[in-house]
Amino acid sequence: MINEEANCKYCEEYSSGNCDKMADDCICRKCVRNLGQCLTIRYCRETESTLS
């Protein structure tokens, strides 16, 4: 089971206060990958694309 808020602590939007963890269309919140790692290497392993 995926903890849907596990990636929120890595999210720039949440850290800056622009997110309340309630957006239903947030791909990062529902992602099974580690968002912190994706942001560090600037590559999304789920969509296999670079992050700009």
Side chains of R45 and N34 in contact at under 4.5 Å (non-hydrogen atoms): no
From L35 atom CG to C8 atom SG, the distance as rounded to the nearest 0.5 Å: 9.0 Å
Nearest-0.5 Å distance that lies between atom CG in L51 and atom SG in C44: 6.0 Å
Spatial distance of atom CZ (R29) from atom CD (E13) [nearest 0.5 Å]: 14.0 Å
Over all atoms of both residues, closest heavy-atom pair of N7 and C28: ND2-O, 3.0 Å
Side-chain heavy atoms of Y14 within contact of D20, under 4.5 Å: no
Considering all heavy atoms, the nearest R42-E12 contact: NH1-OE2, 4.5 Å
4.5 Å side-chain heavy-atom contact, Q37 and Y10: no
Salt bridge (charged side-chain N to carboxylate O under 4.0 Å, His left out) partners of R33, counting only residues at least two apart: E46
